[in-house]
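These notes concern the structure reproduced below.
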Protein chains: 2
Amino acid sequence: MTAGRRQTLNLYIQAKGEVRLSELEELLPDVSSMTLRRDLEQLERDGEIVRTRGGAKSIAHLSMIREAAYTQRVGENLDAKMSIAAKAVQFVTPGRSLYLDAGTTAMCLAQQIPDESLFILTSAPNIALELSKNRNVRVALTGGQLNRDTLSLSGGEAMAYMEGLNIDVAFLTASAFSLESGFTVGDRSEADLKRLIVRKARTRVLLLDGSKIDRGMPYTFARLSDAEILITDGPLPPSYLKAAKQAKTTVVQANAGDEEKGKEGTA
Amino acid sequence: MTAGRRQTLNLYIQAKGEVRLSELEELLPDVSSMTLRRDLEQLERDGEIVRTRGGAKSIAHLSMIREAAYTQRVGENLDAKMSIAAKAVQFVTPGRSLYLDAGTTAMCLAQQIPDESLFILTSAPNIALELSKNRNVRVALTGGQLNRDTLSLSGGEAMAYMEGLNIDVAFLTASAFSLESGFTVGDRSEADLKRLIVRKARTRVLLLDGSKIDRGMPYTFARLSDAEILITDGPLPPSYLKAAKQAKTTVVQANAGDEEKGKEGTA
DNA sequence: CATTACAATGTGAATCATTCACATCTTGTA
DNA sequence: TACAAGATGTGAATGATTCACATTGTAATG
């Protein structure tokens with residue numbers, strides 16, 4: 001009972017990043033604030049959170065903010081990203097070999113990856129670290145130069161690493177997506193790497209939060225028809241839905257707040 | 001004046017990891033606690049620290065604890081490691097190509113690397129992320145599988161990356177060091193990687209905190225004579241000093257508390 | 001050089017979270 | 001069942017934090 005409540009609290013805090021004690025009191029009205037305080041104390045000992053005046057913050061989230069401070073606000077669309085990740089994690093089954101892209105959406109997914117027998121390749125050092133918390137997941141990084149804006153590795157060496165490696169499912173993110181240009185990013189060598197992944201993976205899952213739809217960036221790495229699955233939040237414009245149907249791409253709608261149930265199974 | 005004080009505060013907090021407000025009041029008796037509070041507020045906005053009841057904590061330090069929670073307590077010998085790193089950073093000159101090993105000592109060094117034109121290769125994702133905060137430093141990671149205990153990449157692919165790459169100065173850490181076995185670690189493939197680095201680097205700097213001296217681990221990756229520089233805290237036993245003299249290895253003593261002055265120049 | 005504006009700093013009262021010690025309730029075990 | 005150990009609740013005491021306001025320092029402007 002105690003352990004379960006602590007886990008609930010931890011999940012909640014990890015998802016929100018920052019909470020006030022008063023929130024937690026509303027969330028769990030059956031226990032006193034003193035109990036919640038003691039739970040937070042424990043979670044702090046476990047290294048999951050730091051307690052602040054009036055509440056607590058997730059350490060993982062703090063590191064994320066710190067790391068992405070140079071690019072954009074992580075908080076933007078975080079709900080959307082969390083719910084997209086919640087849908088994506090349904091495509092993870094034990095024993096598979098996965099690829100995880102860089103980016104905050106992928107980071108949200110990394111946090112939700114179950115501790116099962118998996119092999120996961122990623123090009124993002126921060127995601128590799130997050131994944132390494134799982135005892136049963138073997139984590140590998142593509143080498144290469146680190147792009148300080150996207151926190152992504154790329155370059156010829158990163159690609160060389162991929163030869164002789166099999167990927168069952170690749171979870172890819174894009175900076176922008178439109179019908180004309182397909183999935184695009186702003187960096188040449190990152191696009192090269194993504195193209196290679198698209199070619200090597202057996203199943204391609206594209207993660208795309210709504211703010212990126214109907215926009216374009218310089219380099220295309222995939223077309224809609226390359227994606228078996230497209231997970232997005234909010235409603236897709238009709239023209240896009242039609243195109244997806246033609247391309248035989250399964251579109252999964254993730255609605256913020258779906259994290260818990262999410263059992264409609266669009267797989 | 002304000003900016004200078006904030007920087008002092010930040011350095012102090014980053015070094016200590018966790019401070020109480022009362023400490024800061026002693027450190028800077030010329031300003032009121034209210035000013036210090038406002039400074040902490042600013043540093044929190046900058047994403048450097050989190051404020052806690054009664055003080056503040058360094059975010060970088062928190063992430064370190066989180067990451068190394070599986071192995072050992074980071075706090076152990078942290079003073080020693082910081083002072084070793086302070087000595088090591090004197091061997092960093094602009095325009096060079098460096099290698100930084102994995103480990104908390106190397107992480108301490110990473111935090112002190114100046115934001116100069118440098119190329120730095122590392123096998124530790126967490127260190128790569130730390131280094132990426134510097135605008136002028138180009139950071140590269142060796143690829144490979146991630147060892148969750150040492151947070152170090154290794155494996156054949158990691159080594160393949162190194163071909164065609166030149167390293168001016170390599171900063172290496174060891175799990176143990178003795179006259180008989182030399183510098184040793186507990187993992188085979190990590191030893192392989194380190195051996196390669198030792199071979200490729202023009203100058204080899206070994207970082208070693210006192211607790212590791214006169215111990216042995218299974219795999220040797222270098223002998224005393226391979227190291228041009230050996231930086232250690234506390235006094236080295238006479239037999240080791242003699243051996244170092246014979247091996248033409250410069251021994252640098254880092255004494256905890258040296259971070260500020262440290263201008264005796266043993267280079 | 002005086003003046004104004006603005007940011008940085010100090011002060012003390014009011015507020016609020018937190019801690020602490022102690023009482024009570026569960027839970028697991030012999 | 002009875003006991004021990006851990007979990008939880010309560011309210012007073014403590015201590016940190018905030019807030020509004022006064023003051024000082026600093027830089028730009030006429």
Side-chain angles (χ1 to χ4, degrees), chain A residues 1-66 69 73 75 260, chain B residues 1-63 65-66 69-70 73 75 260:
Chain A
M1 165 131 273
T2 329
R5 187 188 56 240
R6 297 227 167 112
Q7 203 188 336
T8 308
L9 277 178
N10 192 21
L11 280 175
Y12 183 78
I13 300 172
Q14 297 305 329
K16 286 210 68 170
E18 180 177 356
V19 293
R20 329 224 69 249
L21 192 66
S22 53
E23 274 181 73
L24 300 180
E25 285 169 3
E26 285 177 32
L27 187 70
L28 297 159
D30 298 338
V31 294
S32 77
S33 81
M34 197 60 225
T35 300
L36 294 173
R37 274 172 211 290
R38 285 191 266 246
D39 288 342
L40 294 183
E41 235 173 279
Q42 181 60 45
L43 288 174
E44 181 168 45
R45 262 194 297 275
D46 295 345
E48 298 283 353
I49 63 167
V50 298
R51 284 184 312 145
T52 59
R53 182 183 156 92
K57 294 183 179 183
S58 146
I59 288 183
H61 198 257
L62 282 176
S63 322
M64 263 169 91
I65 291 178
R66 183 80 181 79
R73 294 241 56 77
E260 281 312 309
Chain B
M1 167 131 271
T2 331
R5 187 188 54 242
R6 296 225 167 111
Q7 203 188 335
T8 308
L9 277 179
N10 191 22
L11 281 175
Y12 184 78
I13 300 172
Q14 298 305 330
K16 285 211 69 169
E18 181 178 357
V19 293
R20 330 223 71 249
L21 191 68
S22 52
E23 276 180 72
L24 301 181
E25 285 170 2
E26 286 176 31
L27 188 69
L28 298 157
D30 297 338
V31 294
S32 77
S33 82
M34 198 58 226
T35 300
L36 293 173
R37 275 174 209 290
R38 285 192 265 245
D39 288 342
L40 293 184
E41 235 174 280
Q42 181 59 46
L43 288 175
E44 182 168 43
R45 262 194 298 275
D46 295 345
E48 298 282 354
I49 62 168
V50 302
R51 283 183 314 141
T52 60
R53 182 184 157 91
K57 295 182 179 183
S58 147
I59 288 183
H61 198 257
L62 283 175
S63 322
I65 289 178
R66 183 80 181 79
Y70 306 99
R73 296 240 56 76
E260 282 312 309

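These values consider heavy atoms only, across backbone and side chains, with no hydrogens, waters or symmetry-generated copies. A note on names: the letters A, B, ... follow the listed sequences, proteins ahead of strands, and every chain is numbered from 1.
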Exercise for review: For A/Arg5, check salt bridge (Lys or Arg N to Asp or Glu O under 4.0 Å) against everything at least two apart and list the hits.
Suggested key: A/Asp39
Point to revise | Minimum-distance pair of heavy atoms, taken over all atoms of B/Glu25 and B/Ser33 | key: OE2-CB, 3.0 Å
**Study point:** Selection: residues 29-37 of chain B, any non-hydrogen atom under 4.0 Å of DNA chain C
**Key:** B/Asp30, B/Val31, B/Ser32, B/Met34, B/Thr35
Revision key, fill the gap. Per nearest nucleotide of DNA chain C, the residue lying toward the 5' end, A/Glu41 or B/Arg6, is B/Arg6
Check your understanding: Does any non-hydrogen side-chain atom of B/Val19 lie less than 4.5 Å from one of B/Leu9?
Key -> no
Review point. How would you give the extent of chain A contacts on DNA chain C, as first and last nucleotide 5' to 3' within a 4.0 Å heavy-atom cut-off?
Key: C/dC16 to C/dC20
Exercise for review: Drop me the distance from B/Arg53's CZ to B/Arg20's CZ, to the nearest 0.5 angstrom.
Suggested key: 9.0 Å
Point to revise | Nearest non-hydrogen partners of A/Gly47 and A/Ile59, listed with the distance | key: O-CD1, 3.5 Å
Exercise for review: Rounded to the nearest angstrom, tell me the gap between atom CG in A/Asp39 and atom C1' in D/dA7.
Suggested key: 10 Å
Practice item. Quick one: label A/Arg20 by what it contacts on the DNA or RNA (base, sugar-phosphate, nothing), any heavy atom closer than 4.0 Å. Key: nothing
Check your understanding: Of A/Thr35, A/Leu21, A/Asn10, A/Thr52, which is the lone residue that meets side chain to side chain contact (heavy atoms under 4.5 Å, CB included) with A/Leu40?
Key -> A/Leu21
Check your understanding: Taking only N and O in the side chain of B/Arg53, is any of them less than 4.0 Å away from OP1 or OP2 of D/dT14?
Key -> no
Study note, to complete from the structure: Separation between CD1 (A/Ile13) and CD (A/Glu18), nearest 0.5 Å, reads 11.0 Å
Review point. Looking across every strand, which nucleic acid part, if any, lies under 4.0 Å from A/Thr52 by heavy atom: base, sugar-phosphate, or nothing?
Key: sugar-phosphate
Check your understanding: Can you tell me how far the CD atom of B/Glu23 sits from the CG atom of B/Leu28, to the nearest 0.5 Å?
Key -> 11.5 Å
Review point. Atom OG1 in B/Thr8, atom CG in B/Leu24: separation rounded to 0.5 Å?
Key: 11.0 Å
**Study point:** Whole-Å gap separating P (D/dA16) and CD (B/Glu23)
**Key:** 13 Å
Practice item. Sequence neighbours left out, what passes salt bridge (Lys or Arg N to Asp or Glu O under 4.0 Å) with A/Arg51? Give chain and number order. Key: A/Glu44
**Study point:** Length of the line joining B/Arg38:CZ and D/dG25:C1', which is rounded to integer Å
**Key:** 14 Å
Point to revise | For B/Gln42, all residues meeting side-chain hydrogen bond (donor to acceptor under 3.5 Å, both in side chains), sequence neighbours excluded | key: B/Arg45, B/Asp46
Practice item. Compute the angle between the rotation axes at the two ends of the helix from C/dC1-D/dG30 to C/dA30-D/dT1, each taken over five pairs, rounded to 10 degrees. Key: 30°
